[in-house]
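Working notes for the structure below.
Keep in mind that what you see is a predicted model, and the values were worked out from it rather than measured. Proteins come first, then strands; the chains are lettered A, B, ... in the order of their sequence lines, and each starts at number 1. Note: hydrogens, waters and symmetry copies are ignored here, and every other heavy atom, side chains too, is used.
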There are 2 protein chains.
Amino acid sequence: MFLIMARAATTSDPFNAVAEPRRRQILTFLAVGERQVGEIVAAIGLDQPSVSKHLGVLREVGLVHVRRNGRHRMYRTNAEAIRPLHEWTGSFERHWRHQLNRIKERAEEQMRSRSAAGLNASKEKP
Amino acid sequence: MFLIMARAATTSDPFNAVAEPRRRQILTFLAVGERQVGEIVAAIGLDQPSVSKHLGVLREVGLVHVRRNGRHRMYRTNAEAIRPLHEWTGSFERHWRHQLNRIKERAEEQMRSRSAAGLNASKEKP
DNA sequence: ACATTACATTCCTATATAGGAATATGTCAA
DNA sequence: TTGACATATTCCTATATAGGAATGTAATGT
């Protein structure tokens, strides 16, 4: 079917879908509650067709849910679909905590060696 | 400078950089400790130039750090750079918790109404 | 100096957008 | 029915890849 893969489709998974800043904006805007497309257009400051297309992508990966209400469509963020991203990034949490600890430890060691070298010569003012 | 924006550059921010599955694989592999390129190639099962290019992208957005060691280059994941993604996705945590609560509540209500309707007719076995 | 090893970079191409413009679809109101 | 309004979809185009092939570069051993 595909000979070469230029780049993964934005519709293939949430990771690709949220790579687009406007879509992240939309998700944040729709997280607080249901909004119709016109409201999103007004809030994001993008033309209506573009917003509809972004919503289409978000729909395909399940990041938003839609409900028809007369001639309006009420969109809302499906936070559940964002959870896998949170969990993947969270798998690195212990590593950044570890990195921070190393930095802190080095800083403390510097403090100690400095005060040991200068004794009370570096007290209060340089 | 730019007339139209086809799609944000992968080198522009971590969100775009981790949109690529192979790069997520690499980040996971490099999270446990320093590894040289050859080891990544062997582990990921991608040709060396491709791995080097992915590493180039990850380098540009600060997701990995490099250290030269003779003719080898030791790469490691910079977990700190993943933190913003974790925090952005985490901003939706209260929403998915809320969604889960609503689902749970509805399920419980169904249970109640079912046992109320069937009384003890639905006990143990259907 | 020279071959070898370990990576990085460049060139090429098919593909997947993202935005703009224009058009289609669907719904309500008079 | 006709019209107005709210959204979605289609067509077009410049752009940014991702992978494959080939090449460039730096460091080490002899």
Side-chain angles (χ1 to χ4, degrees), chain A residues 1-27 29-30 34-61 64-76, chain B residues 1-27 29-30 34-61 64-76:
Chain A
M1 184 73 94
F2 297 103
L3 292 177
I4 64 171
M5 193 66 76
R7 187 169 177 181
T10 57
T11 57
S12 60
D13 70 310
F15 282 97
N16 273 282
V18 305
E20 173 63 41
R22 315 319 273 276
R23 285 198 284 265
R24 290 202 296 278
Q25 253 187 288
I26 292 174
L27 287 175
F29 181 65
L30 292 177
E34 268 188 344
R35 293 285 186 270
Q36 57 190 60
V37 180
E39 294 178 286
I40 306 172
V41 171
I44 306 297
L46 202 58
D47 56 300
Q48 177 267 314
S50 292
V51 169
S52 275
K53 275 183 283 188
H54 282 310
L55 288 172
V57 171
L58 294 173
R59 242 187 294 128
E60 281 203 66
V61 298
V64 295
H65 283 157
V66 212
R67 181 175 66 86
R68 302 186 69 142
N69 182 22
R71 48 185 155 183
H72 302 288
R73 305 220 178 170
M74 309 304 292
Y75 278 91
R76 66 190 164 83
Chain B
M1 184 74 93
F2 298 103
L3 292 177
I4 65 172
M5 192 67 75
R7 189 167 175 181
T10 57
T11 57
S12 60
D13 70 308
F15 281 96
N16 273 283
V18 304
E20 173 64 40
R22 317 316 277 275
R23 284 197 285 265
R24 289 202 296 277
Q25 254 188 287
I26 292 174
L27 288 174
F29 181 66
L30 292 178
E34 268 188 345
R35 293 286 184 271
Q36 57 190 59
V37 180
E39 294 178 286
I40 306 172
V41 170
I44 306 296
L46 202 60
D47 55 301
Q48 177 267 315
S50 292
V51 169
S52 274
K53 275 184 282 190
H54 282 310
L55 289 171
V57 171
L58 294 172
R59 242 187 294 126
E60 281 202 65
V61 298
V64 295
H65 283 156
V66 211
R67 183 175 66 86
R68 303 187 68 140
N69 182 21
R71 47 183 156 182
H72 302 287
R73 306 221 179 170
M74 311 304 292
Y75 278 90
R76 64 187 166 85

**Message:** Among residues 47-56 of chain A, which ones have heavy-atom contacts with DNA chain D below 4.0 Å?
**Reply:**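 Within residues 47-56 of chain A, the residues near DNA chain D are A:Gln48, A:Pro49, A:Ser52, A:Lys53.
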**Message:** Checking side chain to side chain donor-acceptor pair (under 3.5 Å) between B:Tyr75 and each of B:Gln36, B:Arg59, B:Glu39, which is the one that passes?
**Reply:**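 Option passing the side chain to side chain donor-acceptor pair (under 3.5 Å) with B:Tyr75: B:Arg59.
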Has [X] got a side-chain N or O lying under 4.0 Å from the OP1 or OP2 atom of [N]?
{"X": "B:Arg68", "N": "C:dC7", "result": "no"}
{"X": "A:Arg22", "N": "C:dG19", "result": "yes"}
{"X": "B:Tyr75", "N": "C:dA8", "result": "yes"}

Starting at [atom1] of [X], measure out to [atom2] of [Y] and round the result to the nearest 0.5 Å.
{"X": "B:Arg23", "Y": "B:Leu30", "atom1": "CZ", "atom2": "CG", "value": "13.5 Å"}
{"X": "B:Arg73", "Y": "B:Arg67", "atom1": "CZ", "atom2": "CZ", "value": "12.5 Å"}
{"X": "B:Phe29", "Y": "B:Arg35", "atom1": "CZ", "atom2": "CZ", "value": "5.0 Å"}
{"X": "A:Leu27", "Y": "A:Leu58", "atom1": "CG", "atom2": "CG", "value": "5.0 Å"}
{"X": "A:Gln25", "Y": "A:Ile44", "atom1": "CD", "atom2": "CD1", "value": "4.0 Å"}
{"X": "A:Ile40", "Y": "A:Ser50", "atom1": "CD1", "atom2": "OG", "value": "13.0 Å"}

Taking atom [atom2] of [N] as reference, at what distance in whole Å does atom [atom1] of [X] sit?
{"X": "B:Gln25", "N": "D:dG19", "atom1": "CD", "atom2": "C1'", "answer": "15 Å"}
{"X": "A:Arg59", "N": "D:dA8", "atom1": "CZ", "atom2": "C1'", "answer": "8 Å"}
{"X": "B:Met74", "N": "D:dA26", "atom1": "CE", "atom2": "P", "answer": "21 Å"}
{"X": "B:Arg23", "N": "D:dA16", "atom1": "CZ", "atom2": "P", "answer": "15 Å"}
{"X": "A:Arg35", "N": "D:dT7", "atom1": "CZ", "atom2": "P", "answer": "13 Å"}
{"X": "B:Asn16", "N": "D:dT15", "atom1": "CG", "atom2": "C1'", "answer": "13 Å"}
{"X": "A:Arg67", "N": "D:dT7", "atom1": "CZ", "atom2": "P", "answer": "12 Å"}
{"X": "B:Ile26", "N": "D:dA18", "atom1": "CD1", "atom2": "C1'", "answer": "12 Å"}

**Item:** B:Val61 and B:Asp13: CA distance, side-chain angles, deciding distance, side-chain contact (heavy atoms from CB on, under 4.5 Å) verdict
**Value:** CA-CA 6 Å; B:Val61 298; B:Asp13 70 308; 5.7 Å; no
**Asked** Quick one: bend of the helix from C:dA1-D:dT30 to C:dA30-D:dT1 from 5 pairs per end, to 10°?
**Response**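 Axis-to-axis angle, ends of the helix: 10°.
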**Message:** Which is more 5' along DNA chain C, the nucleotide nearest A:Leu46 or the one nearest A:Asn69? Just name the residue.
**Reply:** A:Leu46
**Message:** To check you understand the geometry: which heavy-atom pair defines the closest contact between B:Asn16 and A:Ala19, and what is its length?
**Reply:**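 Nearest heavy atoms, B:Asn16 then A:Ala19: ND2-O, 3.1 Å.
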**Heavy-atom pair of closest approach, residues B:Val18 and B:Arg24** =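 For B:Val18 and B:Arg24, the tightest heavy-atom pair comes out as O-NH1, 2.7 Å.
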**Request:** Using the side-chain contact (heavy atoms from CB on, under 4.5 Å) rule, take B:Val57 and B:Glu20 through it: C-alpha gap first, then chi angles, then the decisive distance, then the call.
**Result:** CA-CA 11 Å; B:Val57 171; B:Glu20 173 64 40; over 6 Å; no
**Fill in**
Each nucleotide of nucleotides 1-6 of chain C classed B (base within 4.0 Å of a protein heavy atom), S (only sugar-phosphate) or -, in 5' to 3' order, makes ---BBS
**Request:** Verify side-chain contact (heavy atoms from CB on, under 4.5 Å) between B:Leu55 and B:Val66, making sure each step is shown before the conclusion.
**Result:** CA-CA 9 Å; B:Leu55 289 171; B:Val66 211; over 6 Å; no
